[in-house]
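In what follows, a single structure is set out as structure tokens and then discussed.
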Amino acid sequence: MATPRVYIIRHGETEWSLNGRHTGSTDIPLTANGERRIKATGRALVGPDRLIAPKKLAHMYVSPRKRAQRTFELLGLGTAAPLPWSRHGGADVGTQECEAVVEVTEDIREWDYGEYEGVTSAEIAEIRKRQGIPGRWDIWKDGCPGGESPADVTRRLDHLIKAIRDKWQASAMGKSEDEASKGDVLIVAHGHILRAFAQRWVGKSLEDGPTFLLEAGGVGTLSYEHHSIDEPAILLGGAFVVDIVEKKQQELEELKK
């Protein structure tokens, strides 16, 4: 039976992700190396016989930040409708068939770091020491002064998760592969917010603190256990899809006869 998935993709490398500066509202571009790596990710993971099958996508959410939007452009997902932004680079989009609509949403923008925008964790530790704040800073418990708290982030992520399940995935749950409607969802956003999204996906509070990481340009997969919309899960690893490749090879062999 079909079980829909959510693919979470962190934007590619930037100068600030390289040096550890917290990047929320600051709109900085991908590095040249970041662009190359995202292109490679798209070639490796996007396609009818790959992890992310364009024809199975029901909807796609992208952060309002240019670095996330450029990352989407470089993945190679051709879309039937125009993108909801002016392109941030050359015509690097692919020709993969994808009927899903791209939606830009504030719900998946990066955590608002407030006073810690553009500051590294080591610098934050020094700031807090000078301010006489005891203990180690933990964004999952403390949030950011002048920015968002864990409760703020939880509210907007829960709103998005509910929309994904109600609009795109409940109707696709548990059907056979042949009759299943499109149910997969793609999200392109940022490191902290996607880690928080995964935490809330499985019903854990942000205060519990995610112990998993998502590298710049990294891809994660969320889904459900037992084909049940009420049993969300993190998919640690999926099997390779090879049946489409084998079918195409068989068709080619038949044509040669």
Side-chain angles (χ1 to χ4, degrees), residues 1-11 41 45-46 50-63 68 72 75 77 98 100-111 139-141 143 148-177 179-215 218-241:
M1 290 191 295
T3 303
R5 297 177 176 184
V6 175
Y7 300 107
I8 55 174
I9 302 178
R10 183 181 174 187
H11 66 75
T41 297
L45 299 183
V46 177
R50 310 294 168 82
L51 176 68
I52 302 171
K55 288 187 176 181
K56 291 185 178 181
L57 290 172
H59 201 67
M60 298 180 284
Y61 294 97
V62 180
S63 161
F72 179 88
L75 286 172
L77 277 161
C98 182
V101 171
V102 180
E103 178 182 347
V104 175
T105 175
E106 291 283 340
D107 284 344
I108 203 64
R109 62 175 167 76
E110 182 57 297
W111 200 305
I139 191 171
W140 311 109
K141 295 182 175 66
E148 286 184 297
S149 68
D152 294 330
V153 170
T154 295
R155 278 191 292 272
R156 61 182 171 97
L157 290 180
D158 286 358
H159 177 265
L160 180 59
I161 289 169
K162 185 177 188 304
I164 289 171
R165 291 178 181 159
D166 291 350
K167 292 181 180 180
W168 312 115
Q169 297 197 322
S171 62
M173 186 65 68
K175 296 182 178 179
S176 70
E177 292 290 345
E179 68 179 355
S181 59
K182 298 178 180 68
D184 292 348
V185 169
L186 179 77
I187 300 176
V188 184
H190 313 268
H192 267 127
I193 202 65
L194 289 176
R195 293 167 66 193
F197 181 91
Q199 191 84 343
R200 291 304 301 152
W201 182 262
V202 293
K204 301 297 183 181
S205 72
L206 298 193
E207 287 79 2
D208 290 337
T211 55
F212 41 81
L213 301 174
L214 186 61
E215 296 179 339
V219 180
T221 307
L222 309 176
S223 190
Y224 305 88
E225 284 195 274
H226 308 123
H227 312 293
S228 170
I229 199 77
D230 297 318
E231 297 183 67
I234 295 172
L235 183 58
L236 293 179
F240 289 101
V241 179

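Keep in mind it's a predicted model, so treat the numbers as computed, not measured. Numbers here simply count residues along the sequence, with the first being 1.
Nearest heavy-atom pair, R10 versus E215, reported as atom, atom and distance to 0.1 Å: CD-O, 3.4 Å. Listed here is the closest heavy atom pair of I161 and W201: CD1-N, 3.6 Å. Here the closest non-hydrogen pair linking A196 and V153 is CB-CG1, 4.2 Å. A68 and V188 make their closest contact through O-CG1, 3.4 Å (heavy atoms, listed as atom of the first residue, atom of the second, distance). The heavy-atom pair separating R195 from F212 by the smallest distance is NE-O, 3.0 Å. Across all non-hydrogen atoms, the minimal contact from L57 to K182 is O-CD, 3.3 Å.
How far CG of L213 is from CG of L194: 13.0 Å, rounded to the nearest 0.5 Å. Taken to the nearest 0.5 Å, the CG atom of L160 stands 8.0 Å off from the CD atom of E103. To the nearest 0.5 Å, atoms CD1 (I8) and CZ (F197) are separated by 7.5 Å. Taking CD1 of I193 as the start and CG of L157 as the end, the distance is 4.5 Å to the nearest 0.5 Å.
Classification of R155 and D152 as a salt-bridged pair holds, one side-chain N sitting under 4.0 Å from a carboxylate O.
Using a 4.5 Å heavy-atom cutoff, the side chains of R109 and R156 are in contact. Taking the side chain as every heavy atom from C-beta outward, V62 and L186 never approach each other to under 4.5 Å. With contacts defined as side-chain heavy-atom distances shorter than 4.5 Å, the pair L51/R5 qualifies. Counting heavy atoms from C-beta on, the side chains of Y61 and D107 never come closer than 4.5 Å. H11 has its side chain out of reach of S63: every pair of non-hydrogen atoms, C-beta onward, lies at least 4.5 Å apart. Taking 4.5 Å as the limit, some side-chain heavy atom of M60 sits within range of a side-chain heavy atom of L77. Between W111 and H190, the closest side-chain pair of non-hydrogen atoms is not below 4.5 Å. The closest side-chain heavy-atom distance from T41 to I9 is not below 4.5 Å.
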For residues 218-225, run the donor-acceptor check on the side chains, cut-off 3.5 Å, and write out each pair with its distance to 0.1 Å, sequence neighbours left out.
unit_1 : atom_1 : unit_2 : atom_2 : d
S223   : OG     : P4     : O      : 2.9
Y224   : OH     : Q169   : OE1    : 2.5

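Listed by chain and number, the residues in a ring-ring contact (aromatic ring centres under 6.0 Å, His included) with Y7 amount to none (sequence neighbours excluded).
E148 places no side-chain N or O within donor-acceptor distance of the main-chain N or O of G143, the cut-off being under 3.5 Å. Although no hydrogens or angles enter the test, the distance criterion places no donor-acceptor pair under 3.5 Å between the side chain of R200 and the main chain of L206. With K141 contributing its side chain and E207 its backbone, the two residues share a donor-acceptor pair below 3.5 Å.
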For I52 and D184, what are the C-alpha separation, side-chain angles and deciding distance, and is it a side chain to side chain contact (heavy atoms under 4.5 Å, CB included)? CA-CA 9 Å; I52 302 171; D184 292 348; over 6 Å; no

